[in-house]
Each structure stands twice: as C-alpha cells, then as structure tokens.
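Just so we're on the same page: letters track the sequence lines, and every chain starts at 1.
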4 protein chains.
Amino acid sequence: MSPPLRADAARNRDHVLATARSAMAEGDLALQLNDIARRAGVGVGTVYRHFPTRRALVEALADSSFTTLVEEAHSASRHDVAWTGVEVLLRALLLAQLTDPAFTEVISTSPDQDAAAGTTAHREQFRASTRTVLERAQQAGSLRPDLTEDDLHRLVCGTAFALRISENPTDRLDRYLRVLLDGIHAGRV
Amino acid sequence: MSPPLRADAARNRDHVLATARSAMAEGDLALQLNDIARRAGVGVGTVYRHFPTRRALVEALADSSFTTLVEEAHSASRHDVAWTGVEVLLRALLLAQLTDPAFTEVISTSPDQDAAAGTTAHREQFRASTRTVLERAQQAGSLRPDLTEDDLHRLVCGTAFALRISENPTDRLDRYLRVLLDGIHAGRV
Amino acid sequence: MSPPLRADAARNRDHVLATARSAMAEGDLALQLNDIARRAGVGVGTVYRHFPTRRALVEALADSSFTTLVEEAHSASRHDVAWTGVEVLLRALLLAQLTDPAFTEVISTSPDQDAAAGTTAHREQFRASTRTVLERAQQAGSLRPDLTEDDLHRLVCGTAFALRISENPTDRLDRYLRVLLDGIHAGRV
Amino acid sequence: MSPPLRADAARNRDHVLATARSAMAEGDLALQLNDIARRAGVGVGTVYRHFPTRRALVEALADSSFTTLVEEAHSASRHDVAWTGVEVLLRALLLAQLTDPAFTEVISTSPDQDAAAGTTAHREQFRASTRTVLERAQQAGSLRPDLTEDDLHRLVCGTAFALRISENPTDRLDRYLRVLLDGIHAGRV
DNA sequence: AATGAATGAGCCTTCATTCAT
DNA sequence: GATGAATGAAGGCTCATTCAT
C-alpha cells in the first residue's frame, strides 16, 4: 500500500521506536512524543511523521509482541490436548503483558478508531485462535462453558494487572496463572 | 490531633467532597482540583486548604468505602465457615472497587508517603482482617496454602480490573468472582 | 451577570488590552496571545483568563470604537436632513475603521458564534440606527432605493479597504468618501 | 533569460499550478506549498524549485487573469466613448478579482520586491492602459478630475472587497459597480 | 530534476500551585 | 478561612524550508 521507506527514513523510524521502547521499559508510560524526539536526538517533526499520534507509536511498539503472540496462539490452537492449548495461550498472553507495556496498553484497550492495519489484523487473528482454543476446550469439557473469548481475554488482563501492581511480578507469575487456570477449569463447576 | 473544623469550614469540605464524588462517578478520573473548585462553586484555595494534593482528596473520597469495607472484613473474619469468610471478604472488596473509583485508586496503589492517618489505619485494619480470614481458611484446608494476604489483595484488584475493562461490569461480576474463588480454593491442588 | 472584577484583575486586564492595542497599531494584526502576554509582561494564563480566544480579545479591543460609533449612529439617525444623516453615519463608520484595526476586523466579519454580549448588542444597535438612517433617506428620495442596510455596511467596508491599501489613507479619506456618497445618492439613477 | 524547461519539468510546473488553482478555488487561501505538493502528488522540492516562495506561486497563478485583463484594458483604452472605456475597464478589473483569488491577492498588494518579470510587466501595462482610459475620460469631462490612476485602482479593490464579504457576490456585482461608477463620474461635482 | 525525510522554531493551550486581597 | 487571579512550565502540534538521496 504505502511505498517502502527509504533506507535513512527506516533507520530513523527504528531509532525512534527503540528510544520509545527504552522509555517505556524505564517505566515512562506517558510516552510523550516531544520527549521521545528529544531522547532520540531527532526533530519532533520526524517523530510525528512516522507516528502521527501517541497511539500510533504505541501500536508500532506493540507490533512485535503481537506478531509473536499471534503465532503462539495459532500453535496453541493446534495442541493435541485442548486444555494444554488453553494453558499455553494464556501464559503467552500473560507473558507478553509482563514484558511489553506497549502491548499491554493496546490489548487492555478497545480497538482504536484508526488503528494501524497491522494492529487490527493481529487482533483479529488472535481472537480467532483464542476462539478455537476456547471452543475445543469447552467441547472437551475442560473449560467452563459459560466463558466467552472476551471473558478469557479480560481475565488474563486482570491477572496481568495483579502482577503489575506487585513487587516481583515474575516471581508470582506462575502462582497467579495457576489460580486463573484453576478458576476457569470446568472440573469444579 | 487537628482542632475540629469551624462549622462553615466543615460544610465547605463536605461540599467539595460531594462534588468530587459526582465528578468521579461521571467518569472524570482526572479529578483536577481547579475543576472541582469551579464545580463546587468554591475558590481553588479552599480546595487546597482541605486537600493539599489530589491524592489527599482521593483518599478522603475513598474513606467511606473503606470504613464500610473494614467492617465487612471484620465480620467476614468471624464467619462460622472459614471459606464463607473468604467469599464474603472478596466479594466486598470487589464490589467496593466497582462502586467507587476513588477507593479503587487507593487500594490498587502502594500506600502513600504521607497518607491521611485514617487511610493508613483502615489499610491496617483491613489487612488484619484479611490475614485472619486467610489463615482460618488455610487451616481449614479450603484455601491454597501458597497464597499470602498480599496475593489475595492483588488478585481481587486484578479481577476488578478485568471487570472495569468490560462493557457491563456488573453483569459479569459473579462469573469473574466465581473464577477467582475457584482459582484460589485448595481443593484442586 | 459576571461579578465585577477585582481591582488588580481589572488593572491587568486593562494592561493587556493596552498592550494589544499597541501591537495592532504597530501593524501586528496577527495578535498572538502568547506574544501579547510577553509584551505585557504577564503570564500567558492571565491573557487566556481574560480573553479565552484571540477573537475575544479583538472584540474587547473593538468595544470602545463600537460604543462611540453606536452613539454617532444614533445621533445620525435624528438629523434634520436625512441625507446628512447618511453622510455622518458613513463617515463615522469609515473613520472608525481607519483608526481601529480591531474594530475593522470585527465589523468586516460575520458575527461570531460566541461573541461577547456587548459586541452582539452593539452590532444590533448599530444596525438599527443604520436602518433608520437608510429608510429616512430613501423616503426623502436622496438615497438609491435599491440599497439595503447590508449593502451600505459593506460598501463602507470596501471603501475602508481601499484606503487601507493606500499609502496615506487619511489624505484620501474625504475623496473616497465623496465617491461613495455620490455613488449611493439617488439623484443620478 | 532562463533556458526553456525540459518537457517533463514544464508538465510538472503546470500540474502544480493546476493543483494550486483548484485549492484556491476551493477556498484554501493559505496555499501551503507542502499541501500543494501533496495534492499534486509531487515532492515538496519540486514545488520549491518552480516557485521558491508562496508569493511566486500566487503570481504565477494570477498570470493568466492578468494577461486577459491587460488585453481588456488595452481595448478599453481605445473605446470611442471615453466613459465607456472606464466602465469596461473597471468591470473587467472587478470581475477578475471575483473570479481569481490569486489575482486579487497580487493586485491588492504593493508590488513585490522580487516579483516575476511577467507580473511587473503586466502591472506596468495595465497601469498604462488605465492611465490612458483615465486621462481620456477626464479630458472628456466625464470622470472626476481629482482621481488618479491609483485611486481608481484601489477603489475597485475596495468594491471587490465589499463583494467578497457579501453572501452572494455575483448577485450584487452590478449594483456595487454602478455605485462606484456613479461615484467617480464627474457629472455631480 | 525530482524526491520527500528531516528539521525545529514557534504557536496554541492547559493546569498545578501560589499568594495577594 | 476563603477567594480566585496570576503564574509559567510544559505538552501538543504545524509548517516553511533545507538537503541528502
């Protein structure tokens, strides 16, 4: 659709992205375009050219996490054991959120009016895989039948939130994930 | 500690609080002191006198939810059936968050450097009750032994988050709470 | 409606107005609020408090010219000789435009969505007087019958424009005004 | 003076001009070079190469109106009836302004420091014809003797302005032009 | 010649906080 | 105590112009 970027432009764009990623990693979730420009040693205009809004930048940052996740979700949807698919999928989604604050923002938020095409596509693909995973597990009788794909999605976001407000998120990851998995398992109902 | 407020000052304070509560209820989570002052028909200075920081105002707003919750937690800690205590406590904590955004902010956040005495006290009392509830349930064998009081606390905040990013939080409350309760129940381990 | 300004606030407001008037007189028709603030030695916020938009400032600037003009127009509408009323009115309107660029902007422009109450009132009063002047002169047979009050209004704005793009506006004023007056006199038709 | 343009360059130039003309016709009087470039599907650099300043572009746009006008003015200067020459000339100048905003900008403005050769020439030719028309009419006793060519010029610009700030310029053209013509006719003095 | 990415000054506006009245 | 005017740092964004490709 759009022509490939010129080499120098691409380099700039990547540099801005890298800078933004660092900023977020350091906990600066505000991600102000002016600030990123300054940090990247680049004119504001350059940042605005590549990312007309803060949201556009966030989505671009989230892209790689999203790509990975989409693949993981797809393979999760083909696991021999349906329930294992659920486990794998949820862990992947949770891990992505612990790792990448930009991704967390995108995934915890309703789709943007004018999201990048890529983001919309990823979302759609991920939803599809999730739906498959969910249906298989429900048919296998291992997943509560009263949960929808949206529910799963949000419950994982909630778990990620619980981890985020904790001191050592990574240490607790397995425990909290286990709680979630046990909670959604059908056995108990 | 501080002298009782003059009657008119107290009236002002209450009015500001009421205004702020309305604002938050309407979804204005920014809660700008200037804005509140204007809405309350009161000078900015007045707001600042009573609530030197935004956080102070938020804590004041959260106070009544906190008071209620502390009572509920206390009575939960005396339930005949330990597990029922857990259920009651968690539901109360969850409900408070769905109802009162100010409370949500306070409870999802590490204690403030210079929090109001009341807030600190409430927090402590609530922690104590929670601890009791938790220990009783763990001794009764109904609650996973590997969960601490902090874990419980955060898991509920996570569940509240999951509800908050949903369309009709109230409709889903019971389902999500059930997931959480099943997840933390010891039966499965 | 709004409470009277505090003394110091009023002083500030006046100072900003004076600064803005100077700026315009010096030919700076852009009238940027930041710039005015700097020139006035006042915080930007102060300017914005008193004049939330550039237009509000312009209207405030135009106010005194408008007040004078409205009076002149009113007395013009009571002249014994209807045609003299026309002459007086048009000269007054023309002069106001040569003297006050802010007034020129307001009067050459369609009424603002949210104009100050004063501006709207002035406009209305001026229109009314103009209408009277016009009707009397038309009934006396001295003014072309095919001209409306809007036409008069705009023709004067046009004449003011002709003067503005000239080197020595004031020197030409009488000549251009004469051309206009002769042009709208009925005698010739 | 400058070498003839390469064919493709000429095509580009024309295309930019056409785009700019459309933009102005649509009421975009700002005429930002960046914007024009984008609309024309051409690099900014290309626009800058052909038109180093906004003004240069405006003058280029005005060129064709100017050419036509110069011819009309010339033929007006040869009318049998001197006064008719005045009528024809003024109407032509007025019409050009109603039709072409670029021309209006050029003609209402003092000659540019570094105007294109063509513009300067056109101006000169137009001035010459106007002077002729004016002198003949004054000698014939039909035009006020106290008007200079500059006066005529500006009075027409003023009339154009009056029309421009009106709702239906074209509907009023004849009336306003009549007012002007009657105003400058010598009969009345 | 053409391209269009980059620049960065600079305007607009908001808002937390202070302090004279 | 209450008031609300003043402050000005700070962030958002645009756009004329340059220059490497």
Could you check whether D/Glu26 pairs with D/Arg39 (Lys NZ or Arg NE/NH1/NH2 to Asp/Glu carboxylate O, under 4.0 Å)? yes
Between A/Arg11 and A/Asp14, is there a salt bridge with N-O shorter than 4.0 Å? no
Using heavy-atom distances to pick each residue's nearest nucleotide on DNA chain F, tell me which of D/Thr53 and C/Gly45 is more 5'. C/Gly45
By nearest-nucleotide position on DNA chain F, the 5'-leaning member of B/Gly43 and C/Gly41 is B/Gly43
Write down the distance between [atom1] ([X]) and [atom2] ([N]), rounded to a whole number of angstrom.
| X | N | atom1 | atom2 | value |
| --- | --- | --- | --- | --- |
| D/His50 | E/dT3 | NE2 | C1' | 12 Å |
| B/Arg49 | E/dA20 | CZ | C1' | 15 Å |
| B/Ile36 | E/dA16 | CD1 | C1' | 14 Å |
| D/Leu33 | F/dT14 | CG | P | 18 Å |
| D/Arg55 | F/dA16 | CZ | P | 16 Å |
| D/Tyr48 | E/dA6 | OH | C1' | 14 Å |
| D/Leu57 | F/dA16 | CG | C1' | 14 Å |
| C/His15 | F/dA6 | NE2 | C1' | 14 Å |

Sugar-phosphate, base or nothing in reach of D/Asn12, heavy atoms under 4.0 Å: sugar-phosphate
Base, sugar-phosphate alone, or nothing: which one does A/Asp8 contact when heavy atoms must sit under 4.0 Å apart? sugar-phosphate
Ring-plane angle category for C/Phe66 and C/Phe103, please: parallel below 30°, perpendicular beyond 60°, tilted otherwise. perpendicular
Of A/Val47 and C/Leu31, the one whose closest nucleotide on DNA chain E sits nearer the 5' end is A/Val47
5'-most by nearest nucleotide on DNA chain E - A/Arg11 or C/Val44: A/Arg11
Closest to the [X] side chain, choosing from [options]:
| X | options | answer |
| --- | --- | --- |
| B/Val42 | E/dT14, F/dG12, F/dT3 | F/dT3 |
| D/Thr46 | F/dA2, E/dT3, F/dC13 | E/dT3 |
| D/Asn34 | E/dC15, F/dA16, F/dC13 | F/dA16 |
| A/Gln32 | F/dG12, E/dC11, F/dA2 | F/dG12 |

For the side chain to side chain contact (heavy atoms under 4.5 Å, CB included) test, which of D/Leu61, D/Thr46, D/Val58, D/Leu17 pairs with D/Phe51? D/Leu17
Nearest 0.5 Å, please: how far is NE2 in D/His15 from CG in D/Asp8? 14.0 Å
E/dA9: pairing nucleotide in any strand, Watson-Crick or G-U under 3.5 angstrom: F/dT14
Hunt down the Watson-Crick or G-U wobble partner of F/dT21, both distances under 3.5 Å, from any strand shown, or write none. E/dA2
